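What follows is a structure written as structure tokens; I'll ask about it next.
Numbers here are sequence positions counted from 1. Just so it is clear, the model here is predicted, and its values are computed rather than measured.
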Amino acid sequence: MEGLVSMKSSASSHPAAIGSLPRRPTFSIRRSQVTLPRVKRFSTAAASIRAQQPDTMDASSAAREEPEIVLKAKEWEVGMLQNELAESQGIRIRRQPPTGPPLHYVGPFEFRIQNEGNTPRNILEEIVWHKDNEVHQLKQWKPIYTLKKAMEDALPTRDFVGALREANHRTGLPGLIAEVKKASPSRGVLRENFDPVEVAQSYEKGGAACLSVLTDAKYFQGSFENLEAIRKAGVKCPLLCKEFIVDAWQIYYARTKGADAILLIAAILPDLDIKYMIKICKVLGLAALVEVHDEREMDRVLGIEGVELIGINNRNLETFEVDISNTKKLLEGERGKLIREKGIIVVGESGLFTPEHIAYVQEAGVGAVLVGESLVKQSDPGQAISGLFGRDISS
């Protein structure tokens, strides 16, 4: 994703600030009815807990508490195993366990220690942890069976991949995915008087092949309502739902809101999740843009069947520096040859501001580009497209 930065260790800092995490542990304290030790193993946890219960706790109360403790321990261990699996595939973005980190108990007080193990290490990890919690709540509000029913009345999907190919063939330039984005964690608000439909219509008039619509509310000030409004306004460009997908539920929800494609980020999702979600996309008639940042992610994605679109993000997830030569590096040699053999369209992302940038990534092998900041900040985003490509691409 464009516009991500690392975090500062300041209590008053914005979540997108740059810097290291606080070294000293912080504590939150609340009263607890049950005195529990830190759970290490399922088999000994319940016995240890019972041994430390107040004298007023009878046997029936202990029996009721034991399954809950075992369940929490199980959930925590599953979360750790998920992170171990992801790490084995080179994924550095950890997933937050469903019940949070283990608690520590001293007397009647319950402590939750904040440390590197249970605190996001950068802004992308923070977003993913927030998104896990957000989706958990949304799934309770709109169970997936209600989404499947809503899809019966959804507008038909458009050919996202076909639109990019047609634009590339018509103009001789990479097809443009123009991004409808109000803000980013690193740049703040990009467009004060933001009307998503107006921006989308301007992009379409300026020659965009497809549109990308930010739907994350907390960090990018986007929404699924923006996506839906653009689709219902009659914009003909196919729409990419630009969201941090962590659960298949989000794919169904995007479909009900008018999406024609969704984004899958290899830095977040293990291979099995990507394969599963691509299959769901094919069933729903959606395209999947799979985003990579480095050689290992590219090799993983090239090994997955059914991938039609690969986005190369030129932003380094560790330093957050942008270097468009990353696109060229990932498309050289055998990787580039395999991509051409498979007929995959490569999308260049981040750091593209001038006709020279467009020419550079096109020569490297991209068939499309995704651009947001350099366009949406202009008074006339559609007219800015001509400046980006060095000529009018609207006809």
Side-chain angles (χ1 to χ4, degrees), residues 1-5 14-16 123-139 141-142 147 154-155 160 176-204 208 210-233 235 237-247 249-265 267-268 286-289 291 311 313 315 347 349-350 369-378 381-382 384:
M1 296 285 283
E2 280 191 289
L4 302 181
V5 297
H14 188 277
I123 186 60
L124 181 55
E125 193 163 273
E126 180 185 328
I127 292 172
V128 170
W129 289 20
H130 170 75
K131 195 61 62 176
D132 275 325
N133 294 328
E134 178 183 89
V135 172
H136 176 72
Q137 295 173 8
L138 288 171
K139 288 169 71 174
W141 171 57
K142 281 187 176 292
L147 300 183
L155 293 169
F160 191 91
L176 173 63
I177 306 171
E179 191 147 87
V180 181
K181 174 167 65 173
K182 180 179 181 179
S184 77
S186 60
R187 303 293 186 182
V189 175
L190 301 172
R191 190 178 184 87
E192 290 288 350
N193 299 318
F194 180 75
D195 182 330
V197 173
E198 184 181 277
V199 172
Q201 291 171 336
S202 180
Y203 282 153
E204 184 171 49
C210 301
L211 303 182
S212 166
V213 183
L214 265 296
T215 55
D216 176 76
K218 181 174 180 179
Y219 298 93
F220 290 85
Q221 298 188 38
S223 71
F224 279 95
E225 286 68 34
N226 289 349
L227 177 68
E228 187 174 35
I230 292 170
R231 182 63 195 269
K232 288 184 176 180
V235 174
C237 293
L239 306 178
L240 169 73
C241 175
K242 190 76 171 289
E243 175 63 297
F244 296 86
I245 302 289
V246 295
D247 190 288
W249 181 93
Q250 294 165 282
I251 302 175
Y252 288 93
Y253 191 54
R255 175 70 182 88
T256 68
K257 294 298 183 179
D260 302 292
I262 54 102
L263 176 72
L264 301 176
I265 304 176
I268 296 173
L286 299 171
L289 172 60
E291 181 179 279
N313 195 323
R315 189 179 302 277
V347 182
E349 305 175 18
S350 296
V369 291
L370 191 155
V371 183
E373 181 181 337
S374 64
L375 300 176
V376 78
K377 292 175 69 175
Q378 308 305 315

### Query
What's the spacing between E204 CD and C210 SG if we round to 0.5 Å?
10.5 Å

### Nearest atoms (heavy-atom pairs only) where A259 meets L286
O-CD2, 3.1 Å

### Query
If you measure from CD on E228 to SG on C241, what distance do you get to the nearest 0.5 Å?
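Spacing of CD (E228) from SG (C241) equals 12.0 Å.
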
### Message
Between K131 and E134, does any NZ, NE, NH1 or NH2 come within less than 4.0 Å of an OD or OE carboxylate oxygen?
### Response
yes

### Query
Measuring from I265:CD1 to L289:CG, what's the distance to the nearest 0.5 Å?
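So the gap between those two atoms works out to 9.5 Å.
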
### Query
Is there a donor-acceptor pair closer than 3.5 Å between any side-chain N or O of S202 and the backbone N or O of G382?
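Yes: the side chain of S202 pairs with the backbone of G382.
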
### Query
If every non-hydrogen atom of N313 is compared with every non-hydrogen atom of R315, which pair is closest and at what distance?
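Shortest heavy-atom separation between N313 and R315 comes out as OD1-N, 2.9 Å.
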
### Query
Taking all non-hydrogen atoms of both residues, which atom of L264 and which atom of A288 are closest, and how far apart?
CD1-CB, 4.1 Å

### Query
Within the side chain of E179, is there an N or O that forms a donor-acceptor pair under 3.5 Å with the backbone of L214?
no

### Worked check of side-chain contact (heavy atoms from CB on, under 4.5 Å) between Y203 and V199
CA-CA 6 Å; Y203 282 153; V199 172; 3.4 Å; yes

### Query
What closest approach, in Å, do L370 and K242 show between heavy atoms, and which atom pair accounts for it?
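The pair with the smallest heavy-atom distance is CD2-NZ, 3.9 Å.
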
### Ring geometry between Y219 and H130 (parallel below 30°, tilted from 30 to 60°, perpendicular above 60°)
perpendicular

### Task
Starting from the C-alpha separation in whole Å, work towards a yes-or-no answer on side-chain contact (heavy atoms from CB on, under 4.5 Å) for F160 and I177.
CA-CA 10 Å; F160 191 91; I177 306 171; 3.9 Å; yes

### Task
Measure the CZ-CG distance between F244 and L124 for me, rounded to the nearest 0.5 Å.
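So the CZ of F244 and the CG of L124 are separated by 6.0 Å.
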
### Message
Walk me through whether E125 and V128 qualify under side-chain contact (heavy atoms from CB on, under 4.5 Å).
### Response
CA-CA 5 Å; E125 193 163 273; V128 170; 5.7 Å; no

### Summary
Value for CZ (R231) from CG (L239), rounded to nearest 0.5 Å, stands at 6.5 Å

### Query
To the nearest 0.5 Å, what is the distance between CG (L155) and CZ (R255)?
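Going from the CG atom of L155 to the CZ atom of R255 covers 8.0 Å.
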
### Query
Where do D260 and P238 come nearest, in terms of heavy atoms and distance?
OD2-CA, 3.3 Å

### Query
Going by atom types only, do E243 and Y253 share a side-chain donor-acceptor pair under 3.5 Å?
no

### Task
Look only at the side chain of W249 and the backbone of L147, and say whether a donor-acceptor pair between them is shorter than 3.5 Å.
no

### Query
So which heavy atom on P196 is nearest to which on N226, and how close?
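Closest approach of P196 to N226, heavy atoms only: CG-OD1, 3.5 Å.
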
### Task
Kindly determine whether E373 and L190 satisfy side-chain contact (heavy atoms from CB on, under 4.5 Å), including the steps that lead there.
CA-CA 7 Å; E373 181 181 337; L190 301 172; 4.1 Å; yes

